[in-house]
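Data first, discussion second: the structure below is written as structure tokens.
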2 protein chains.
Amino acid sequence: MEVIDYAYLESILNKKNLKVTPQRLHILSLIKQFGHMDIDELYLQIKKNYPYMSLATIYKNISVMVENGILNEIKIAQQKTKYELLADFHAHFICTNCKKIEDLDIDISCILKGFDQASVQSVQLQIYGICNACQKKKNLI
Amino acid sequence: MEVIDYAYLESILNKKNLKVTPQRLHILSLIKQFGHMDIDELYLQIKKNYPYMSLATIYKNISVMVENGILNEIKIAQQKTKYELLADFHAHFICTNCKKIEDLDIDISCILKGFDQASVQSVQLQIYGICNACQKKKNLI
DNA sequence: TCAATTTTAATAAATATTATCAAAAAATAA
DNA sequence: TTATTTTTTGATAATATTTATTAAAATTGA
Ligand SMILES: [Mn+2]
Ligand SMILES: [Mn+2]
Ligand SMILES: [Zn+2]
Ligand SMILES: [Zn+2]
């Protein structure tokens, strides 16, 4: 069980002039803990120790935090949109079998050659395939 | 006005054992013509010369054709899912100003080094930024 | 503590997608 | 061509998802 640094989460909100509320801290702490979450997973987890939080509050806060650059939105084929804490660029490996999402540290400078620096705002790179764990399971069958 | 090769579109459906219907041919011809379309754009265009086609028919056929590998689904931030005819790998440039989508022929072998060939099924690469046309308009202001 | 401002919860409203099913159309065989 | 089988369509009901509304509650800074 990871210890949550609430002071850090508060500072994220403060920097963007968003008020610190228990709801927002809880959403952020879950996303920090799980890495990549969609609205339903969030709602499910939140109901465990915060049963009275409204689904609308989650939707509203997620979109506010995306707009303010606190969260990064990741759209994935055949899955609901996932959210993660904004971080340095990294790609994602998505297992089409178990749906798990892995962060990938890939250097993409080789594909950005030839682009005007100023014209590129962000890059999304997703690699779909079978993860190691699923690969092993398949071999056993 | 592009001449549409219906025989070609029919062969696409035949290969997948999907029956050839005017509705399917019309959907395919629009996607071929426009390149990348979402459900609403399709419905709008279809109503022009096919006013009686049901929205449910469009949804159903799009998902059938995605399942059969005829269409490729492209999920884009802040936009509805776009569909295109399945083609060789290419990346997409998405203008965050005018929302236009451009095909990009980028060699991604440099980012797939280190991956087990067998474990990678597909790759999605999206580059968000300001397109040339919008760049020029900005400079005029 | 007080007051201004923002956020929340509940839920209504609006959008978006999928399911149902009888009628129509497509493919195939006779 | 016609009959038969199978698939698809259109209409619309049912679900699912997302956004809007608003009074009450919470946050924050003075
Ligand atoms: Mn990530
Ligand atoms: Mn394309
Ligand atoms: Zn897996
Ligand atoms: Zn543009």
Side-chain angles (χ1 to χ4, degrees), chain A residues 6-7 9-31 37-68 70-71 73-83, chain B residues 6-7 9-31 37-68 70-71 73-83:
Chain A
Y6 281 105
L9 299 180
E10 287 186 20
S11 75
I12 292 177
L13 293 167
N14 283 325
K15 268 179 212 155
K16 302 294 180 176
N17 282 348
L18 294 176
K19 299 204 164 172
V20 175
T21 67
Q23 291 85 347
R24 283 172 179 170
L25 291 176
H26 200 228
I27 291 170
L28 285 172
S29 74
L30 281 169
I31 293 178
M37 295 184 93
D38 63 37
I39 296 281
D40 292 344
E41 289 165 346
L42 264 171
Y43 192 47
L44 206 71
Q45 289 298 325
I46 282 170
K47 281 207 287 193
K48 287 187 182 173
N49 29 15
Y50 212 134
Y52 42 92
M53 197 190 305
S54 168
L55 182 59
T57 298
I58 301 176
Y59 271 107
K60 191 75 200 357
N61 280 318
I62 288 291
S63 66
V64 163
M65 292 195 277
V66 168
E67 284 161 20
N68 281 275
I70 292 174
L71 296 179
E73 186 186 54
I74 314 165
K75 290 207 168 188
I76 297 176
Q78 352 272 19
Q79 291 191 45
K80 294 202 78 175
T81 304
K82 296 287 191 299
Y83 300 91
Chain B
Y6 281 105
L9 299 180
E10 287 186 21
S11 75
I12 291 176
L13 293 167
N14 282 325
K15 266 178 213 157
K16 302 295 181 175
N17 282 350
L18 294 176
K19 297 203 167 174
V20 174
T21 67
Q23 290 85 346
R24 284 173 178 169
L25 292 176
H26 200 227
I27 290 171
L28 285 172
S29 73
L30 281 170
I31 293 177
M37 296 184 93
D38 63 37
I39 297 281
D40 293 344
E41 290 165 346
L42 264 171
Y43 192 47
L44 207 72
Q45 289 299 325
I46 281 170
K47 281 208 286 193
K48 287 186 181 175
N49 28 17
Y50 212 132
Y52 42 90
M53 197 192 302
S54 169
L55 183 58
T57 298
I58 300 177
Y59 271 108
K60 191 74 199 1
N61 278 318
I62 288 292
S63 67
V64 163
M65 292 195 278
V66 168
E67 284 162 19
N68 281 275
I70 291 174
L71 297 179
E73 186 185 53
I74 313 165
K75 290 206 167 186
I76 298 177
Q78 352 274 17
Q79 291 191 45
K80 295 201 78 176
T81 304
K82 297 286 191 299
Y83 300 91

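Below, all heavy atoms of this structure are taken into account, side chains as well, without hydrogens, waters or symmetry copies. Here is the naming used below: chain letters follow the sequence lines, and residue numbers restart at 1 for every chain.
- Within the structure, every pair that satisfies the salt bridge (charged side-chain N to carboxylate O under 4.0 Å, His left out) test and touches residues 73-82 of chain A, not counting sequence neighbours, is listed here: A:D38-A:K82, A:D40-A:K80.
- Residues of residues 22-29 of chain A having a heavy atom closer than 4.0 Å to DNA chain C, listed by number: A:Q23, A:R24.
- Nearest heavy atoms, B:L30 versus B:M37: O-SD, 3.6 Å.
- Extent of DNA chain D lying under 4.0 Å from chain A heavy atoms, first and last nucleotide in 5' to 3' order, is D:dT17 to D:dT28.
- At least one side-chain heavy atom of A:L13 sits under 4.5 Å from a side-chain heavy atom of A:I70.
- Heavy-atom distances under 4.0 Å link DNA chain C to B:K80 of residues 75-82 of chain B, given in residue order.
- Near DNA chain C, meaning a heavy atom under 4.0 Å away, the residues from residues 42-63 of chain B are B:A56, B:Y59.
- Atom CG of residue B:L28 and atom OH of residue B:Y6 lie 10.0 Å apart, to the nearest 0.5 angstrom.
- Positionally, the nearest nucleotide of DNA chain C for B:D40 lies more toward the 5' end than for the other of B:V20 and B:D40.
- A distance of 6.5 Å separates CD1 of A:I62 from OH of A:Y83, quoted to the nearest 0.5 Å.
- To the nearest 0.5 Å, atom CE of residue B:M65 and atom CG of residue B:L71 are 5.0 Å apart.
- Axis orientation changes by 40° from one end of the helix from C:dT1-D:dA30 to C:dA30-D:dT1 to the other, with each end axis drawn from 5 pairs and the value rounded to 10°.
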Side-chain donor-acceptor pairs of residues 15-24 of chain B under 3.5 Å, sequence neighbours excluded:
residue	atom	partner	partner atom	Å
B:K16	NZ	B:N68	O	3.3
B:T21	OG1	B:R24	N	3.1
B:R24	NE	B:N61	OD1	2.7
B:R24	NH1	B:K19	O	2.9
B:R24	NH2	B:N61	OD1	3.3

Side chains of residues 42-59 of chain A: which donor-acceptor partners sit under 3.5 Å, not counting sequence neighbours?
residue	atom	partner	partner atom	Å
A:S54	OG	A:A56	N	3.1

Using a cut-off of under 3.5 Å, enumerate the N/O to N/O pairs linking the protein to nucleotides 2-4 of chain C.
none

